[in-house]
Amino acid sequence: MTLSTRYNPKEIEDKWYQHWMDKEYFYSTPDDREAYSIVIPPPNVTGMLHMGHMLNNTIQDILIRKARLEGKNACWVPGTDHASIATEAKVVKLLREQGIKKSDLTREEFMVHAWEWKEKYGGIILDQLKKLGASCDWKRTRFTLEDSLSKAVLEIFVDLHKKGKIYRGLRIVNWDPVALTALSNEEVIFTEERSHLYHVRYQIEGTEEWVTIATTRPETILGDTAVAVNPNDERYTHLKGKRAIIPMANRSVPIIFDRYVEVEFGTGALKVTPAHDANDYEIGQRHQLETVDIFNEDGTMSETAGFYIGEDRFKVRKKIVKELEASGHIVKIEDYNNKVGRSERTNAVVEPRLMKQWFLGMKDFAKTALDAVDSGEVKFYPEHMWNMYHNWLNEDNVRDWCISRQLWWGQQIPAWYLGEDIFVAKSEEEALAQAKEKTGNANLTIADLTRDEDVVDTWFSSWLWPISVFDGFDSPEELRYYYPTNVLVTGWDIMFFWVARMIMAGYEWSGDLLGEEAAKNKGVKPFHDVFFTGMVRDEKRRKMSKSLGNSPEALELIERYGGDGVRFGMLSSAAAGNDIVFDAPIDPKTKSVLNESKLCEQGQNFCNKIWNAFRMLEGLEIMDAPKEESTAAINQLAGEWFENKLQQTIAKHEESFKTYRLSEVLMGLYNLIWNDFFSEYLEFIKPDYQQPIDKATYEQAIGFFERLMTLLHPFMPFVTEEMWHQLRDRADGDDCVISKYPVAKAFDTAVIEQLDAAIEVISKIRFTRVQNGMKQKEALKLSVLKSEGVEKLLAKPGMKEVILKRGYLSALEFSDTDEIEGTIAFVAGTDKFFLEANIEIDVAAEKEKIEKDLKHQQGFATGIEKKLSNERFVNNAPPAVVDKERKKLADAHAKIKLLEESLKGLG
RNA sequence: GGGCGAUUAGCUCAGUUGGUUCAGAGCACCUCGUUUACACCGAGGGGGUCGGGAGUUCGAAUCUCUCAUCGCCCA
C-alpha cells in the first residue's frame with residue numbers, strides 16, 4: 001500500500017473521535033484510581049465556538065488527556081450556562097419575528113417557548129468542541145437551568161436567607177432599560193465617551209441671585225431635590241438656609257452642605273438627584289431628601305417628570321437643553337469626556353434607579369475568598385492575577401451583589417409575599433406553612449400568597465457549578481471522589497463574575513456536603529489551581545469578538561488546518577496567562593478577517609512531517625542483522641543519544657506542566673520530534689537508498705516514535721492516534737488515547753554532549769561546503785589535528801562512522817601537522833579539521849573569514865580574562881561558575897591558537 | 001484618582017531562583033539543493049548595544065529607582 005505524501009486530517013479526525021466515543025474513553029465513574037477532574041467554564045447556551053473557547057478548551061483538553069495517559073481517572077465535565085439575559089433576549093426576538101409579544105404571554109407559556117428554543121438551538125457549541133477534539137465526559141453534560149441544578153439554587157437561596165446574608169432592600173441599582181432588568185455592578189461596562197458638561201443656573205428663592213451647577217445629565221433636573229455645595233467652599237457659605245428654584249419644574253429645593261461635593265469640579269455646586277445617581281442617593285440619605293423618580297422602566301420620561309412624558313431620555317436631554325437655553329438658564333456648555341456605564345449584554349446606557357431588589361451581603365464572602373488565595377489553598381497561575389483579585393475583593397471595593405433579575409428565563413426567586421411579610425422557602429407548601437404560623441391564620445391558602453416574579457442572576461447558579469455538576473447538593477458520593485477539582489481554566493475577564501464566587505460557594509457549602517472527614521482530608525475549595533488564560537486579541541490588540549467581526553471563524557480554521565493544526569496554533573501563541581495576539585490577518589480590501597493563520601499552518605505542517613517520517617520508516621525493507629559493523633555502531637550510538645535526549649525532555653516537561661507552561665512543552669516536543677528525532681536520529685539510522693534496515697534498529701525507531709506520539713497526544717490527539725495505529729498492528733483497545741505516559745528516568749548528559757559534538761562537526765562540514773560552493777554529497781576526505789579530546793571522541797564506537805555518513809566523507813583521518821595542502825580548515829569545538837577541497841581556494845576570502853572569527857574569539861577571551869583577573873569575582877562567585885569561566889577561556893585560547901596557525905598557513 | 005501588566009530580531013512572542021557563548025523560537029528574509037519520506041521539504045546564513053537613564057552586584061534581559069510609550073482592571 002502506498003500512502004499519500006500528504007497528511008489529510010479531515011476523515012482521520014472524525015474517524016478517531018468517533019472511535020474514542022464508541023470506546024467510551026472519556027466516560028468516568030468513581031473507582032480506585034486517583035481522580036483528575038475539571039469542570040468546563042460553561043459557555044452560554046446561545047454561544048458559538050470562538051477563539052477564546054478554543055484556547056480555553058484546548059488547554060483543558062491537554063491537561064485532561066495527560067492525566068488520562070498517566071492512568072488517572074480523568075473527568076472533564078461539560079455543560080452550558082442558561083445565560084438569562086442573553087437567552088431571554090434571543091427568545092424574545094425570535095417570538096417577535098413570529099408576531100408574538102412577550103407581554104402577551106404568561107410566564108409558563110413563555111418558558112415553554114424558551115425551552116423549545118433551547119432544545120432546538122442551544123448547545124451547538126458543545127458539538128463544535130468535539131471538532132476540536134475535546135475529550136469531555138459527554139454523558140455528564142449539564143445545564144445550569146436543569147432541575148437538579150435549579151433545586152440547588154433554591155436551597156442555597158433559602159439557606160443564605162436564613163443565615164441573614166440575603167436581604168431585600170431599596171437601593172440604587174443598575175437598570176438596563178432595554179433588557180428591563182436590574183444588573184449587578186459587574187455587568188456594567190464603563191467606557192469613556194464624549195459628552196458635554198452643562199453649566200445651568202438656578203435662581204435662589206426670593207432673591208435675584210443665582211447659583212450655577214454643572215451636570216452631564218440635564219434631563220435629570222426634573223428629579224432634583226437639592227443643590228449641594230461643600231461646607232468649606234467660601235463662595236457659597238452665604239447660601240446657608242436658602243433654597244433654589246429648579247428651572248422648568250419651578251420647584252423649590254434646599255441648598256445643602258455636604259463634604260462629598262468637590263470644590264474644584266465644575267462650579268463647585270452640584271444638583272442632587274437621589275433617584276438617579278448612587279452618590280446623590282447617599283447625599284439624599286444623609287440629608288433626608290425626597291427621591292423623585294422621573295423615568296419609566298424603558299428609559300422614557302415618566303408622569304412624575306411632568307415634561308416630555310413618554311419620550312426617550314436622550315432625546316429629552318436635547319430638548320431640555322434647548323428650552324433651558326431659551327429661558328436663559330444655560331451659562332455655558334463645555335466638551336467633556338465622561339465614563340458611561342453600559343449593559344454588558346444589551347449595550348444600553350445603564351440608568352441608576354432606586355428599586356427594591358434582592359442582595360447578597362458580600363463582606364464575609366469576600367474575606368473567605370481572599371483568604372483562600374492568600375493562604376495558598378487556591379493557587380493562581382500566573383501569580384500576578386492575585387493582584388487584580390485582591391484589589392476587587394478588598395473591603396473598600398467590594399459591594400453587595402444584586403442577585404434579582406426582572407426576567408423569566410432563570411430560577412424564580414423562592415420568596416412569597418403576604419402584605420408586608422416575606423416568606424422565603426424551598427416550596428410553596430413551606431412558604432404557606434410559614435405564613436400560617438406567622439399570621440396565626442390556619443385558613444390561608446397558597447392563593448393568598450404572591451410569589452416574587454423575579455429570577456436570580458445567572459451567576460447565582462454558576463457559582464455552584466463545581467459542586468452541582470457532581471450532584472453534590474443531593475448526595476456526597478461523587479463529590480467526595482471528584483471534589484475539589486484539580487484546575488479551573490478560564491479567562492481572567494470572569495474572575496469576579498465567576499471565579500471569586502465559586503471560591504465563596506465552595507467554602508460556604510462543600511464542607512457540610514462532603515462531611516467532616518472528607519472535607520478535612522480533601523479541603524473545601526472548589527479547585528486547587530486556577531489557570532487564567534489570556535484574552536485572544538486581533539492584530540490591533542482588540543479583544544476578538546463576534547460584534548467587532550475581527551475573529552476568524554473557529555470552525556473554518558478547523559476545516560482548513562485540522563483540529564490538531566488549530567490546537568497547535570492556539571497554543572503556540574499562548575504563553576501562560578498572557579493575552580495572545582492571534583495572527584489571523586485582515587483583508588485590506590474587505591476589512592474583514594481572513595480565516596487564515598500561519599501558526600495553525602505550522603501545526604498542519606507538523607502533522608505532515610510526522611506523517612512523512614513514518615512513510616519513510618514504513619517503506620523500509622527489514623533484515624535480521626546489519627550487514628556491516630559500522631552501521632550497527634551508528635545505530636547503537638544514535639539510539640543511546642536519542643534515548644537520553646528523550647528522558648531529558650520528559651523531565652523538563654514535568655516541571656513545565658506543574659506551572660502550566662504548556663506552550664513551552666509543545667515547542668519542546670516540536671523541536672525534539674522534528675529536529676532531534678526526524679532530522680538527526682532518523683537520518684543517522686536511515687540505510688542507504690534501497691538498502692534494508694536491521695530489525696533491532698527498526699524496532700527501536702518504532703518504539704521511540706510510539707513514545708513520542710504518547711507525549712504529543714495531549715496536544716495533538718488526532719494525528720498521534722492515527723500514527724499510533726500506523727506504527728504497529730494494534731489489538732482492539734490498544735489506543736494512543738489510553739497509552740501509558742512515560743515517566744521521566746535518569747539520563748546521562750555526557751552521552752548527549754558527545755554526539756552533539758559530532759553533530760557540530762557535521763554541521764561545520766556542510767557550512768564549509770556551502771561557503772565554498774562545493775557539492776554537499778561529494779565524498780571528501782576529512783582530517784583532524786590529533787588531540788586528546790578528539791581521539792577520545794572518535795574512539796567511541798559509531799562516532800567516526802556517523803561523521804563519515806552524515807558528512808558524506810570518504811575518510812576521516814588523524815593528522816600530525818596543522819597544515820594540509822589542498823584542504824580548507826575549520827574549527828569545531830576546540831579541534832581543527834581539514835576538509836579536502838578539489839577547488840581553487842580563494843585565499844583572500846579564506847583569510848578574511850578566519851580573521852573575523854579570530855577577532856570574535858579574542859574579544860570573547862579578553863572579556864573572560866578581565867572577569868577572572870577580578871579578585872572579587874574569583875572570591876565571591878560560586879566555584880562552579882569560576883571553573884566554567886576558566887574552561888571557557890581555555891577553549892577560547894585553544895581556538896585562537898588554531899586560527900592563528902591557519903592564518904599563518906595561508907601565508 | 002487607585003492598582004496591574006507590557007516594552008527583547010522585520011512580525012508574533014519565550015527567556016522560571018541574577019551565573020553553561022544567554023541574547024533564543026516560530027514566521028518572514030537571503031543563498032544553495034529536487035528520480036532518494038516530506039517543497040506543507042532539506043542544508044546553510046544574515047538580523048537585536050533586551051524602551052531611555054541611573055543604581056545594587058564580582059556579574060543584570062533578569063533586582064531597585066526613575067522617565068517614556070502602550071494595554072488592562074477598579075473607582
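For clarity, every value in this text was computed on a predicted model and none was experimentally measured.
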Comparing A:Ser656 with A:Asn671, nearest RNA chain B nucleotide closer to 5' gives the residue A:Ser656
TODO: Describe the nucleic acid contact of A:Ser763 in one word from base, sugar-phosphate, nothing, applying a heavy-atom distance below 4.0 Å.
DONE: sugar-phosphate
Please classify the nucleic acid contact of A:Lys895 as base, sugar-phosphate, or nothing, using heavy-atom distances under 4.0 Å. base
*Quantified in whole Å, what is the C1' atom distance between nucleotide B:A25 and nucleotide B:G48?*
14 Å
(message) Taking any heavy-atom pair under 4.0 Å as a contact, classify A:Arg6: base, sugar-phosphate, or nothing.
(response) base
### Message
Under 4.0 Å, counting only non-hydrogen atoms across every strand here, what does A:Asn387 touch: a base, just sugar-phosphate, or nothing?
### Response
sugar-phosphate
Comparing A:Ile762 with A:Lys686, nearest RNA chain B nucleotide closer to 5' gives the residue A:Lys686
Can you find a donor-acceptor pair, distance only, under 3.5 Å between A:Glu683 side chain and B:A37 base?
yes
Requested in this report: With P as the reference atom in both, quote the distance from B:G46 to B:G26 in angstrom, rounded to an integer.
Outcome: 15 Å
Taken to the nearest whole Å, CZ/A:Phe606 to P/B:C41 is 12 Å
Quiz item: Which part of the nucleic acid, if any, lies within reach of A:Trp674 when heavy atoms closer than 4.0 Å are counted: base, sugar-phosphate only, or nothing?
Solution: sugar-phosphate
- [ ] Look at the side chain of A:Asp564 and the backbone N and O of A:Val719, then say whether any donor-acceptor pair between them is shorter than 3.5 Å.
- [x] yes
Could you tabulate the donor-acceptor pairs under 3.5 Å formed by side-chain atoms of residues 748-765 of chain A, not counting sequence neighbours?
| unit_1 | atom_1 | unit_2 | atom_2 | d |
| --- | --- | --- | --- | --- |
| A:Asp748 | OD1 | A:Ala750 | N | 2.9 |
| A:Asp756 | OD1 | A:Trp641 | NE1 | 3.3 |
| A:Glu760 | OE2 | A:Lys764 | NZ | 3.3 |
| A:Glu760 | OE2 | A:Gly829 | N | 3.2 |
| A:Lys764 | NZ | A:Val827 | O | 2.9 |

Here the distance between atom P of B:C27 and atom OH of A:Tyr561, to the nearest Å, is 14 Å
Taken in chain and number order and not counting sequence neighbours, the residues that satisfy side-chain hydrogen bond (donor to acceptor under 3.5 Å, both in side chains) with A:Trp392 are none
_For a quick test of reading the model: is some side-chain N or O of A:Asn612 closer than 4.0 Å to OP1 or OP2 of B:C41?_
no
Here the distance between atom C1' of B:G42 and atom CE of A:Met616, to the nearest Å, is 13 Å
Indicate, with a heavy-atom threshold strictly under 4.0 Å, whether A:Gln691 touches base, sugar-phosphate, or nothing.
-> nothing
Check: A:Glu187/A:Ser184 side-chain N/O donor and acceptor closer than 3.5 Å
yes
A:Asn391 has its side chain closest, among B:C74, B:C40, B:A43, to B:C74
Checklist entry - Would you say the side chains of A:Asp374 and A:Trp386 form a donor-acceptor pair under 3.5 Å? => result yes
- Going by distance alone, is a donor N or O of one side chain under 3.5 Å from an acceptor N or O of the other, for A:Gln602 and A:Tyr670? yes
Taken to the nearest whole Å, CG/A:Leu393 to P/B:C73 is 17 Å
Testing B:G26, B:G44, B:C72 for proximity to the side chain of A:Trp492, the answer is B:C72
Rounded to whole Å, the CE-C1' distance (A:Met385 to B:G3) equals 14 Å
Checking B:G5, B:A43, B:G42 against the side chain of A:Lys609 (C-beta onward), the nearest is B:G42
In whole angstroms, the gap separating C1' of B:U31 from CZ of A:Arg769 amounts to 17 Å
Is the centre of the A:Phe642 ring less than 6.0 Å from the centre of the A:Phe677 ring? yes
Separation of B:G2 atom P from A:His390 atom NE2, nearest Å, is 18 Å
Using a cut-off of 4.0 Å on non-hydrogen atoms, how would the nucleic acid contact of A:Lys775 be classed: base, sugar-phosphate, or nothing? nothing
- Message: Would you measure the distance from the C1' atom in B:U64 across to the matching atom in B:G47 and give it in whole Å?
- Response: 32 Å
message: What's A:Tyr689 touching, base or sugar-phosphate or nothing? Going by heavy atoms closer than 4.0 Å.
response: base
Report task. In whole angstrom, give me the gap between the P atoms of B:U49 and B:G2. Result -> 36 Å
Is the distance from OP1 or OP2 of B:G44 to the nearest side-chain N or O of A:Arg766 less than 4.0 Å?
yes
Side-chain atoms of A:Glu664 come closest, of B:G15, B:C40, B:G45, to B:G15
**OP:** Measure from the ring center of A:Tyr389 to the ring center of A:Phe380 and say whether it is less than 6.0 Å.
**Re:** yes
Picking from B:G44, B:C38, B:G5, the nucleotide nearest the side-chain atoms of A:His384 would be B:G5
- Message: Between B:A6 and B:U62, how many Å separate the two P atoms, rounded to a whole number?
- Response: 13 Å
Closest of B:C27, B:G3, B:A75 to the A:Lys598 side chain is B:C27
Taking atom C1' in both B:G19 and B:U57, what distance in whole Å separates the two? 12 Å
request  = Can you tell me, in whole Å, how much space there is between the P of B:A23 and that of B:A60?
outcome  = 13 Å
Given Watson-Crick and G-U pairs under 3.5 Å, RNA chain B in dot-bracket ([ ] crossing, | other strand) is (((((((..((((.....[....)))).(((((.......))))).....(((((..]....)))))))))))).
Which part of the nucleic acid does A:Arg399 contact within heavy-atom distance under 4.0 Å: base, sugar-phosphate only, or nothing? sugar-phosphate
Nearest heavy-atom contact between A:His390 and A:Leu370 is CD2-CD2, 3.3 Å
request  = Give a yes or no on whether A:Glu778 atom CD has more than 12 heavy-atom contacts from other residues, nucleotides or ligands under 6.0 Å away.
outcome  = yes
Taken to the nearest whole Å, CE/A:Met667 to P/B:G15 is 13 Å
Say we look at B:G45 and B:G52: how far apart would their P atoms be, to the nearest angstrom? 29 Å
